[in-house]
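Notes for the one structure printed next.
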Protein chains: 2
Amino acid sequence: MASRGSGEERGKMKGIRELAEHLDISIGTVSRALNGKPDVNEETRKRVLEAAESLGYVANQSGRALRKGATGVIGFMMQTGSEITGQGDTFFMSVFDGVQTVFARHKLDLVALLCSSEEDPNDYLKRVVARGFADGIILSATRRHDARFELLAKRKIPFITLGRSLTDVGQPWLDLDFEGMAEASIDRLVARGHRHVAITRPHDDMNLGYVFEDQCRATLARHGLRLDERHIFRSTPNEAGGYQIARELSALETRPTAVVLINEAITVGLYRGLVEAGIRPGHDMAIIGRQSPHSQFLSPRLTSFRLSLRDLGIALAESLLATMPAFAHFYPARSARLLWPMDLVPGESD
Amino acid sequence: MASRGSGEERGKMKGIRELAEHLDISIGTVSRALNGKPDVNEETRKRVLEAAESLGYVANQSGRALRKGATGVIGFMMQTGSEITGQGDTFFMSVFDGVQTVFARHKLDLVALLCSSEEDPNDYLKRVVARGFADGIILSATRRHDARFELLAKRKIPFITLGRSLTDVGQPWLDLDFEGMAEASIDRLVARGHRHVAITRPHDDMNLGYVFEDQCRATLARHGLRLDERHIFRSTPNEAGGYQIARELSALETRPTAVVLINEAITVGLYRGLVEAGIRPGHDMAIIGRQSPHSQFLSPRLTSFRLSLRDLGIALAESLLATMPAFAHFYPARSARLLWPMDLVPGESD
DNA sequence: CATAGTATCGTAAACGTTTACGGAAGCCAA
DNA sequence: TTGGCTTCCGTAAACGTTTACGATACTATG
């Protein structure tokens, strides 16, 4: 037969066994060559790599994972459905991109584990870890009490959370510095003469809502002011929620003169709702929020807190790897709990 | 020993072997019981299921996939990074939710395969399929010429695309009815007296740009009008792109009186840019676009095309399963190519 | 009672890979 | 020549499932 290219370049590679007999080498050597093991002749390694490339051979995931006890996959759990994701449009996509630049160095793949809105997140996660789907997990949208933490800790799965929780099992976490945001916002508004400040928070038990509210209350207290209970607005973290808040806000008899938005997606709806009620954002009502792709294109431009989502993703990935024995030596001794800073970008809305 | 709860309920289940000897049954029977095979006594099945539940046993993914040659996973490929995804991620989250309601019926899991912006999509996909990661693939963001189609077809991986392409390999697809959108938009604008209509399209070679432009041109021609080449605006599919379009548009000497936006993310930026140039959306410039979570909260409210993303997800999933031998009998003989209709929701912007 | 059929279960061979182990050379020094 | 190293490679045993096959006990039928 001819030296190559007889008829098998169609990508019908069966497995390492076939590749081995094509090269007339044992499968053990082929495997070692592909995996960069030391005890293989450099020339045969080259032959193997070339043959694998030209025949389109890539080691089967299941076989490899079964033998090695590791899948090379890190899962980022998130919930699907339109109303649920509190973050605005491109939030996660940017974070993912940062995470992947780190993972790529270790041949790890990031996949998003999509929990349907119809399934209980705890059950979903239990299934995922029991099946041995991923070597590590990233959790987001952490709740005040979050049973997922305990589940992963019990199973000893390496994981990190993007967000804190009262359910702390000693795992590493990364969270946005909502305390810093609350403090800077309140300080700024008070310095500009505001005495009645409203805040928003998610309608459900997302942990960040508690953190944010508590810190706002504390900072106001430091200025000798108090947070009126009627000035705490809960809403779904989307445009409609913002609109709803505006309606409630405008209906109040003692109306606040400023509002701090913890969520970015509600901004557009809030603007609209205020305008409809005859309240001009930035004139009749000061607004401070979170930066998002469209916050700078609103009128007036939103005074907002900015952060680098890509860098956050990088830090998230490195902190996770630091807890995984196989990778820990690359990322030594880092602080396992990190509050991610946000910068205030002045706009015209406050 | 006691009947249950001796000390092993910590979730340290090793595998089916351990579960079997706990029950004093062979592993074959345990497996059959768990998988609903017929030849197993109903009472032992109940025992097995209860023990598995209480011990938290779930079949290991790698072992099962290796033996069965199928993973029970369907991958939805998408690219990460903020500038790339034309759709906001609320778009995909809603689609996912629809897809999952179908998959859940067959114990299939949907995961998002995240291709980093630093990696070539073709290489990424090649890796994924060669590793045998998923039993089926859903492709989105299809390009005018898309090598991914050929790759999957050659490897005989069942797949469906959300979007068309000139690279047609006979696979099933689902796409938004951009022709219908173009036609309805142009007809409406012309009926209202517009003679100079501009359009937008992505800056890269996404297929939908070609479809949309061609149909707009054809429909204008039907009205005896022509599409001015200078009235075709290419931009990144995000807010900044819309702003850029507004600036170019306002700088034109012969300015169009209407513009149709194929992408939803650019709307906010476009509004802002127009206002800054002294052009009032809805008064000095008619605008028709795509519905998004915030399109109804802009002023003026955007006249836009709406679609049910969840239903689209359901159709997408069912069409994919119809091509997979193991599930085809559930979803018989459906049209493999589907143009998804969109409804015009009148606003105040045109 | 003999036989066939049925219900249930155990045994063992796959699935594709990695890796511990040992063996066969080749080399160098004694 | 002998012995010990080193370099390279082949062999075979895992990893955790599923499933074809065969075995056993029991039931029904003649």
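Just so we're on the same page: letters track the sequence lines, and every chain starts at 1.
Rounded to whole Å, atom P of dT18(C) lies 12 Å from atom NZ of Lys107(A). Straight-line distance from the CD1 atom of Ile25(B) to the P atom of dT17(D): 15 Å, rounded to whole Å. The nearest whole Å value for the distance from the CG atom in Asn41(B) to the P atom in dT27(D) is 13 Å. When rounded to the nearest whole Å, the span between CD of Glu43(B) and C1' of dC9(C) equals 14 Å. Residue Glu18(B) contributes atom CD, which lies 15 Å from atom C1' of dT17(D) at whole-angstrom precision. Atom CD1 of Ile16(B) is separated from atom P of dT19(D) by 11 Å (rounded to the nearest Å). Between the CG atom of Leu34(B) and the P atom of dG16(D) there is a distance of 16 Å, given to the nearest Å. Spacing between atom CD of Gln61(A) and atom P of dT17(C) amounts to 11 Å, rounded to whole angstrom units.
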Please output the side-chain donor-acceptor pairs of residues 324-331 of chain B that fall under 3.5 Å, not counting sequence neighbours, one pair per line with the distance.
| unit_1 | atom_1 | unit_2 | atom_2 | d |
| --- | --- | --- | --- | --- |
| Tyr331(B) | OH | Arg105(B) | NH2 | 3.3 |
| Tyr331(B) | OH | His106(B) | NE2 | 2.7 |

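Picking from dC9(D), dT19(C), dT11(C) the nucleotide with the shortest atom distance to the side chain of Lys37(A) gives dT19(C).
Here Asn60(A) does not reach the OP1 or OP2 of dT17(C): none of its side-chain N or O atoms lies under 4.0 Å away. Contact between the side-chain N/O atoms of Thr29(B) and the OP1/OP2 oxygens of dC9(C) is not found at any separation under 4.0 Å. Distances shorter than 4.0 Å separate none of the side-chain N or O atoms of Ser62(A) from OP1 or OP2 on dT17(C). Side-chain nitrogen and oxygen atoms of Tyr57(A) include at least one within less than 4.0 Å of the OP1 or OP2 phosphate oxygen of dT17(C). Here Arg64(B) reaches the OP1 or OP2 of dT18(D): one of its side-chain N or O atoms lies under 4.0 Å away.
With sequence neighbours excluded, the residues forming a side chain to side chain contact (heavy atoms under 4.5 Å, CB included) with Thr101(A) are Arg310(A), Ile314(A), Glu118(B), listed by chain and number. Taking the side chain to side chain contact (heavy atoms under 4.5 Å, CB included) definition, one finds that Ala134(B) meets it with Val73(B), Ile137(B), sequence neighbours left out. The side chain to side chain donor-acceptor pair (under 3.5 Å) search around Asp168(B) returns Arg337(B), not counting sequence neighbours. Under the rule for a side chain to side chain contact (heavy atoms under 4.5 Å, CB included), the partners of Leu312(B) that lie at least two apart in sequence or sit in another chain are Val95(B), Leu162(B), Leu174(B), Leu176(B), Leu307(B), Trp340(B). Every residue two or more places apart in sequence or in another chain that forms a side chain to side chain contact (heavy atoms under 4.5 Å, CB included) with Ala147(B) is listed here: Asn122(B), Glu150(B).
Residue pairs meeting the salt bridge (Lys or Arg N to Asp or Glu O under 4.0 Å) criterion with at least one partner in residues 51-73 of chain B, sequence neighbours excluded, are absent. Identified under the salt bridge (Lys or Arg N to Asp or Glu O under 4.0 Å) test for residues 127-143 of chain A, with sequence neighbours left out: Glu119(A)-Arg127(A), Arg127(A)-Asp109(B), Arg131(A)-Asp109(B), Arg143(A)-Asp204(A), Arg143(A)-Asp205(A).
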Distances for protein N or O near nucleotides 23-26 of chain D N or O, under 3.5 Å:
none

Just the atom pairs and distances: protein N or O near nucleotides 21-26 of chain C's N or O, under 3.5 Å.
none

When you compare the protein's N or O atoms with those of nucleotides 12-15 of chain C, which come within less than 3.5 Å of each other, and at what distance?
| unit_1 | atom_1 | unit_2 | atom_2 | d |
| --- | --- | --- | --- | --- |
| dA14(C) | N3 | Arg67(B) | NH1 | 3.2 |
| dC15(C) | O2 | Arg67(B) | N | 3.2 |

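Judged purely by atom type and a 3.5 angstrom limit, Thr323(A) uses its side chain to pair as donor or acceptor with the backbone of Leu320(A). Judged purely by atom type and a 3.5 angstrom limit, Ser319(B) has no side-chain atom pairing as donor or acceptor with the backbone of Ala336(B).
Using a 3.5 Å distance cut-off with no hydrogens or angles, the side chains of Asn207(A) and Ser165(A) do not pair a donor with an acceptor. Under 3.5 Å, the side chains of Thr80(A) and Gln100(B) contain a donor-acceptor pair of N or O atoms.
Considering only heavy atoms from C-beta on, Met78(A) stays 4.5 Å or farther from Leu113(A) through its side chain.
Note: Asp123(B) CG to Leu151(B) CG = 9.5 Å, rounded to the nearest 0.5 Å.
Axis angle across the helix from dC1(C)-dG30(D) to dA30(C)-dT1(D), with five pairs used at each end and values rounded to 10°: 60°.
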